[in-house]
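Counting starts at 1 for both ligands and their atoms, following the listed order.
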Amino acid sequence: MAYKIINGKEISAAVKERIKNEVEALKVKGIGVGLAVILVGENPASKVYVANKKKACEELGIKSFEFKLPEQTTEEELISLIKKLNENSEVNGILCQLPLPAHLDESTVINTIVPEKDVDAFHPVNVGKIMIGDFDFLPCTPAGIMEMLGFMNIDVCGKECVVIGRSNIVGKPMAMLLLHKNATVTVCHSKTKDLKAVTSRADVLVSAVGRAGFVTADMVKEGAVVIDVGMNRNAENKLCGDVDFEAVAEKCSAITPVPGGVGPMTIAMLMQNTLTAAKKQNNF
Ligand code: NAP
């Protein structure tokens with residue numbers, strides 16, 4: 001079957017161009033857009049993500065405030081920094097890169113960020129708003145996937161959509177956004193019985209498991225759209241997703257690659273949330 005590649009690089013470039021123009025228009029009105037990114041410790045993957053976020057800010061004219069804190073930072077110190085950033089009018093969005101070192105409680109930290117500046121949309125207030133369907137920010141990865149589907153004119157209304165994974169960051173909000181678009185949604189996880197029987201029904205299959213080669217061709221319906229959220233290293237230490245791309249692509253109507261799929265969209269949506277925060281805080 002001839003399949004389309006859902007090109008996250010190309011789609012995120014279009015999204016970023018739109019954001020850049022809006023940021024410039026706000027600047028003309030005397031309004032700056034700023035994002036604070038906090039990194040605690042030396043997690044190598046987190047360092048790469050933070051560097052990419054800083055680069056995206058620079059590209060789009062968003063001021064980035066970077067805080068690199070040592071591994072032994074206390075919860076008090078971190079909370080005190082977040083409280084200061086909550087009060088800083090130059091900072092429209094605050095992001096604390098996860099995972100945090102084990103001695104820091106993630107939910108305490110997330111709950112300290114005021115919901116208006118919570119551009120990751122992890123605060124319980126924002127999570128609740130997503131549930132209701134009345135939201136300001138959407139979590140970046142699921143939002144990026146919805147943007148990709150929209151760009152490709154893939155309408156999920158009435159379709160069978162299956163999400164593998166139920167994390168608070170990806171799986172659960174992904175299911176909710178698909179539901180808001182009137183899809184029939186099934187969420188699978190490690191306790192799901194006969195996963196293949198469920199995934200084989202999917203018109204749209206989203207995999208957010210974190211295991212290379214997890215989704216094989218026999219799990220995918222002919223003509224399905226497959227979205228690969230996974231970011232893994234294969235046996236050759238090359239970046240790859242959850243999906244056995246070569247074999248699965250042959251059965252698909254459209255599929256995201258890794259790299260160059262969901263990843264670039266996630267950062268673009270973070271920039272979108274920062275812009276939204278700046279507009280709201282300035283009553284736009
Ligand atoms: P996570 O919190 O580890 O969640 C993984 C999910 O997969 C869990 O819900 C787990 O089920 C489920 N799972 C594990 N084994 C399974 C099995 N055998 N059958 C069915 N489900 C199974 O991971 P995450 O944070 O959601 O991230 C998932 C992947 O996406 C990772 O590779 C991560 O790096 C990647 N990611 C990419 C981006 C991006 O921008 N591209 C952003 C975020 C995450 P249980 O709940 O039952 O344990």
For atom 28 (C) of ligand 1, tell me which residue out of A208, P259, P139 has the closest non-hydrogen atom.
A208

Working for salt bridge (Lys or Arg N to Asp or Glu O under 4.0 Å), residues R18 and E147:
CA-CA 13 Å; R18 191 178 75 204; E147 188 78 27; 3.3 Å; yes

Could you say whether the N/O atoms of V262 and ligand 1 ever approach to under 3.5 Å?
no

Are any of the N/O atoms in K191 less than 3.5 Å from those in ligand 1?
no

Near N232, which atoms of ligand 1 are under 4.0 Å from a heavy atom of that residue?
32 (O)

Can you confirm whether more than 12 heavy atoms, excluding those of K54, are under 6.0 Å from its NZ atom?
no

Under 4.0 Å from any heavy atom of I164, which atoms of ligand 1 are there?
20 (C), 21 (N)

Answer side chain, backbone, both or neither: which part of V229 comes under 4.0 Å from ligand 1, heavy atoms only.
both

Residue portion contacting ligand 1 (non-hydrogen atoms closer than 4.0 Å) for R211:
side chain

Relative to the heavy atoms of G263, which atoms of ligand 1 are at a distance of less than 4.0 Å?
40 (O), 41 (N)

Given 3.5 Å as the limit, does a donor-acceptor pair link the side chain of H103 with the main chain of T73, or not?
yes

When you measure from atom 44 (C) of ligand 1 to every protein heavy atom, which one gives the shortest distance, and what is it?
V170 CG2, 3.9 Å

Does an N or O from Y49, backbone or side chain, lie closer than 3.5 Å to an N or O of ligand 1?
no

Suppose we measure from atom 5 (C) of ligand 1 to each protein heavy atom; which comes out shortest, and what is that distance?
V209 O, 3.4 Å

Please check: side-chain N/O of N92 versus main-chain N/O of A277, any donor-acceptor pairing under 3.5 Å?
no

Do E116 side-chain atoms and Q281 backbone N/O form a donor-acceptor pair below 3.5 Å?
no

Where is the nearest protein heavy atom to atom 4 (O) of ligand 1: which residue, which atom, and how far?
S167 CB, 4.0 Å

Atom 40 (O) of ligand 1: nearest protein contact (heavy atom, Å):
T266 OG1, 2.7 Å

Apply side-chain contact (heavy atoms from CB on, under 4.5 Å) to residues D228 and I255 and explain how you reach the verdict.
CA-CA 8 Å; D228 191 352; I255 184 166; 5.9 Å; no

Heavy atoms only: give me the nearest K16-A268 pair and the separation to one decimal.
CG-CB, 4.0 Å

Taking the six-membered ring for Trp, are Y3 and F245 parallel (under 30°), tilted (30 to 60°) or perpendicular (over 60°)?
perpendicular

Can a donor-acceptor pair be found between the side chains of N126 and D136 at a distance below 3.5 Å?
no

Specify side chain, backbone, both or neither for D242, according to which of its non-hydrogen atoms lie closer than 4.0 Å to ligand 1.
neither

Check T192 against ligand 1 and report side chain, backbone, both or neither, counting heavy atoms closer than 4.0 Å.
neither

Atoms of ligand 1, numbered as shown, that sit under 4.0 Å from any heavy atom of G165:
6 (C), 7 (O), 9 (O)

Identify whether M231 and F214 are in the same connected component of the hydrophobic contact network (ILVMFWY, side-chain heavy atoms under 4.5 Å).
no

Could you list which atoms of ligand 1 come closer than 4.0 Å to a heavy atom of G210?
29 (C), 31 (C), 32 (O)

